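Right, one structure below, let's go through it.
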Amino acid sequence: MGALYHNSSGVSSNNTNEIEAKALHIDTIKLSHAYKFHDLPPPQELKVKDFEINTKERNSNSIITAHLKSNKFNPFYLIVIKSGSGYCGIIIELSIAKLLDGNGLEIQTDEDIEAAFDGIEYIINKNVGVDFNSRTAKIGRLDVNADFLVGEDRITSYIHSISNPTAKFIPATYADTTRQFYNKSKKLLVYGKYEEVKKQVKEGKATLDDLEAAKGLLRFEVSMRKSPISRLAQKLKVPAEASHLINLSVASQIISEGLHQLDLDRPKLSKKLLYAKLLNHFGDKAPAMLGIIKWHEVYGDNFWKDLGWSPSTYYRNRNKLMAANLWNIAPVEALPSLTLPDTYNNSTSLP
């Protein structure tokens with residue numbers, strides 16, 4: 001099962017107010033398995049296999065941590081932990097998207113992900129010399145992303161139309177093509193893929209063909225660690241194991257929820273239509289609501305703190321504007337909503 005293709009403009013042929021994702025990817029993941037102490041190779045054997053060995057003494061217990069660092073020949077991080085009276089296990093972190101196609105831009109299918117599981121098992125068996133069941137592994141990190149062909153001239157319009165969805169996230173903006181919201185365990189990232197790949201070309205990490213493939217792509221990425229992954233498993237009523245959570249159906253749910261959080265799943269009005277819409281929806285309260293929009297536009301997500309407002313006052317008014325689709329107005333032009341093809345929701349891999 002792959003992504004649904006659409007016309008060259010990137011806009012769904014069924015609705016010009018929607019842009020369907022060109023591709024959906026499982027990106028970086030971290031998997032781990034616990035082992036018995038004697039099931040793992042001794043430090044001397046791991047050192048011969050190019051692992052860097054670090055030993056710590058804690059409460060009369062030796063903790064051995066062996067790292068096989070990532071490089072162009074090993075595009076992954078592999079760690080072996082041995083403790084005489086504590087945790088023993090193997091941890092691997094890598095990008096499935098890059099493992100499969102190198103540049104992380106191609107169409108990804110659930111069959112590809114199954115092949116990646118097999119590849120992970122091969123990597124660990126080759127480098128550590130033990131079996132590793134990647135499908136029953138615990139997940140410590142899960143990154144998913146979707147690419148939307150919006151056109152290079154609209155990347156900055158989308159970036160500047162997004163505001164912080166909740167006080168739980170810390171906002172960050174990089175240049176004009178990246179917007180990020182994060183906390184300790186979750187990150188929402190929106191950026192222009194072309195600018196990222198352009199830097200990789202200069203560093204020799206990407207090709208000109210990769211650069212051409214990235215042109216006009218807006219990437220939306222959700223990164224989760226531990227707590228959000230556990231909550232996701234509970235929500236789906238499945239174990240927090242790779243086979244249940246690392247597939248495109250679950251990825252589509254994660255992306256859809258993230259798009260909704262950033263209000264990207266609805267079309268955005270241009271400023272030209274804002275005044276008429278405000279007056280029609282709020283009547284004589286329209287000027288006050290316009291003031292909130294303007295303060296937010298000029299002073300950012302935390303303007304209400306400078307005004308001495310309570311959180312309840314701010315979020316009550318913001319929610320009214322969001323309900324009317326009058327929040328996060330596009331600065332220059334109206335923007336289509338970003339959506340995922342129904343194809344993903346019909347995948348047989350949905351738990």
Side-chain angles (χ1 to χ4, degrees), residues 9-12 14-21 146 148-151 153-173 176-182 188-192 218-220 222 255-340:
S9 68
V11 179
S12 167
N14 295 324
N15 187 348
T16 56
N17 284 325
E18 291 184 354
I19 296 179
E20 286 190 343
F148 299 89
L149 188 59
V150 304
D153 58 336
R154 288 199 291 194
I155 297 291
T156 56
S157 292
Y158 273 101
I159 296 300
H160 289 297
S161 74
I162 304 170
S163 66
N164 198 349
T166 170
K168 295 179 180 180
F169 286 109
I170 300 171
T173 302
D176 288 325
T177 57
T178 302
R179 193 86 165 103
Q180 177 178 290
F181 305 96
Y182 66 95
L188 305 175
L189 184 65
V190 187
Y191 60 98
L218 182 73
R219 171 160 287 186
F220 176 61
V222 180
I255 290 293
S256 294
E257 181 181 344
L259 290 172
H260 183 68
Q261 280 185 285
L262 296 188
D263 203 29
L264 287 169
D265 59 345
R266 294 195 293 179
K268 298 183 183 298
L269 291 174
S270 67
K271 286 184 178 178
K272 292 181 180 179
L273 297 175
L274 174 61
Y275 302 107
K277 292 283 187 178
L278 276 170
L279 185 61
N280 180 62
H281 196 87
F282 293 103
D284 60 0
K285 295 182 179 179
M289 303 306 282
L290 175 61
I292 294 173
I293 294 173
K294 290 295 186 182
W295 273 89
H296 173 255
E297 178 184 335
V298 175
Y299 296 106
D301 295 324
N302 295 321
F303 77 90
W304 55 279
K305 295 180 181 179
D306 298 328
L307 295 177
W309 287 8
S310 67
S312 60
T313 298
Y314 167 67
Y315 285 108
R316 182 174 66 252
N317 285 292
R318 191 197 75 158
N319 290 343
K320 288 179 181 179
L321 288 163
M322 289 185 69
N325 199 22
L326 294 171
W327 192 248
N328 295 343
I329 302 299
V332 179
E333 59 181 324
L335 297 173
S337 62
L338 305 181
T339 64
L340 294 175

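For clarity, every value in this text was computed on a predicted model and none was experimentally measured.
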Any side-chain heavy atom of [X] within less than 4.5 Å of one from [Y]?
{"X": "Arg318", "Y": "Trp304", "value": "no"}
{"X": "Arg179", "Y": "Pro171", "value": "yes"}
{"X": "Trp295", "Y": "Leu307", "value": "yes"}
{"X": "His281", "Y": "Lys320", "value": "no"}

Side chain to side chain contact (heavy atoms under 4.5 Å, CB included), paired with [X], selected from [options]:
{"X": "Thr178", "options": "Ile159, Leu189, Thr173", "value": "Leu189"}
{"X": "Phe181", "options": "Thr166, Ile170, Ile162", "value": "Ile162"}
{"X": "Leu259", "options": "Val190, Leu264, Leu188", "value": "Leu264"}

Walk me through it: do Asn319 and Trp327 pass the test side-chain contact (heavy atoms from CB on, under 4.5 Å)?
CA-CA 9 Å; Asn319 290 343; Trp327 192 248; over 6 Å; no

May I ask you to decide if Asn17's main-chain N or O and Ser337's side chain share a donor-acceptor pair within less than 3.5 Å?
yes

side-chain hydrogen bond (donor to acceptor under 3.5 Å, both in side chains) assessment of Ser310 paired with Ser312
CA-CA 5 Å; Ser310 67; Ser312 60; 3.0 Å; yes

When rounded to the nearest 0.5 Å, the distance separating CG of Leu340 from CD1 of Ile19 is 12.5 Å

Report the distance from atom CG of Leu218 to atom OH of Tyr158, rounding to the nearest 0.5 Å.
7.5 Å

Does the pair Ile292 and Trp309 meet the rule for a side-chain contact (heavy atoms from CB on, under 4.5 Å), with working shown?
CA-CA 12 Å; Ile292 294 173; Trp309 287 8; 3.8 Å; yes

